[in-house]
Amino acid sequence: MSDLKTRPTNASVKKFLDGVDPKRRDDCLALVDIMQKITGEKPRMWGPSIVGFGSYHYTYASGREGDWPLCGFSPRKQNLTLYIMTGFSKYDELLENLGKHSTGVSCLYIKRLDDVHVPTLKKLIKSSVAHVRRTH
């Protein structure tokens, strides 16, 4: 089994965000504030490009295990990618009210915060973090 490549690092979150496109940086700083308030955790770099908050340990049925942030985000070229670790199957109503977005298994893709209803986004993050803390 290969090791998980995305791990917490001691890299500076501030330095990373200072290097983000200025048009996207304000959204990133707002996400830091939102996620830090929800988790009560300070931001930390996970690998070279994910800003994560807190952590939890998981074990898959296959026996593979590792650690991952409770929530986090990455400013990718096309989108802001938010990591919502519980996935989205329980959150149909919140997603309907969120605004312009798309999803992957546990990734929420948005172009910018102005495209979404931020109070709904906060509820989504808060619900996911609470669920992960309850089940892990």
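Just so it is clear, the values below take in all heavy atoms, side chains as well, and ignore hydrogens, waters and symmetry mates. Each residue takes its place number in the sequence, starting with 1.
D67 and W46 make their closest contact through O-CZ3, 3.5 Å (heavy atoms, listed as atom of the first residue, atom of the second, distance). Across every non-hydrogen atom of T103 and Y109, the tightest pair is C-CE1, 3.9 Å. Taking every heavy atom of both residues into account, I110 and K100 meet most closely at CG2-O, 3.9 Å. Taking each heavy atom of Q78 and K111 in turn, the nearest pair found is O-NZ, 3.2 Å. Of all the heavy atoms in D27 and L113, the pair that sits closest is OD2-N, 3.1 Å. The minimum heavy-atom distance linking L70 with S55 is given by the pair CG-N, 3.9 Å.
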Exercise for the section: With side chain to side chain contact (heavy atoms under 4.5 Å, CB included) as the test, would you mind laying out the steps for F73 and M35 before giving the verdict? Expected result: CA-CA 9 Å; F73 70 92; M35 291 181 174; 3.9 Å; yes
Problem - Criterion side chain to side chain contact (heavy atoms under 4.5 Å, CB included) on E65 and H57, from CA distance to verdict - result: CA-CA 7 Å; E65 59 184 281; H57 189 78; 2.6 Å; yes
Practice task
List the steps, then state whether side chain to side chain contact (heavy atoms under 4.5 Å, CB included) holds for T135 with Y56.
Solution key: CA-CA 10 Å; T135 58; Y56 71 99; over 6 Å; no
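Note on D18 versus K14: salt bridge recorded, some NZ/NE/NH1/NH2 to OD/OE distance being below 4.0 Å. Comment: R112 engages D115 in a salt bridge, judged by a side-chain N to carboxylate O separation of less than 4.0 angstrom.
Side-chain contact between M85 and Y58 is absent, with no heavy atoms from C-beta onward closer than 4.5 Å. You'll find the side chain of F16 stays beyond 4.5 Å of the side chain of P48, heavy atoms only. Under the 4.5 Å side-chain criterion, counting only non-hydrogen atoms from C-beta, V13 is in contact with M45. Side-chain atoms of I84 and S128, non-hydrogen and from C-beta on, do get closer than 4.5 Å to each other. Residues L80 and C28 form a side-chain contact, since some pair of their non-hydrogen atoms from C-beta on lies under 4.5 Å apart. Side-chain contact between T81 and L108 is absent, with no heavy atoms from C-beta onward closer than 4.5 Å. Between P43 and Q36, some side-chain heavy-atom pair lies under the 4.5 Å cut-off. Between V51 and R44, every side-chain heavy-atom pair lies at or beyond the 4.5 Å cut-off.
Within the 3.5 Å criterion, the main-chain N or O of V129 finds no donor-acceptor partner in the side chain of H131. Distance alone, capped at 3.5 Å, is enough to place a donor-acceptor pair between the R25 side chain and the V20 backbone. Checked by atom type and distance alone, the side chain of N97 pairs as donor or acceptor with a backbone atom of E93 at under 3.5 Å. Between the side chain of T39 and the main chain of F53, no donor-acceptor pair closer than 3.5 Å is present.
Using cut-offs of 30° and 60° on the angle between ring planes, the pair Y83 and W68 is perpendicular.
Once rounded to the nearest 0.5 Å, the distance linking CG of N79 with OG of S102 reads 6.0 Å. To the nearest 0.5 Å, atom CG of residue L82 and atom CD1 of residue I50 are 11.5 Å apart. Once rounded to the nearest 0.5 Å, the distance linking CZ of R134 with OG1 of T86 reads 9.5 Å. Expressed to the nearest 0.5 Å, how far CZ of R76 lies from OG of S74 amounts to 3.0 Å. Atom NE2 in H117 sits 9.5 Å away from atom CG in L98 (nearest 0.5 Å). I38 CD1 to I125 CD1: the interatomic distance, rounded to the nearest 0.5 Å, is 4.5 Å.
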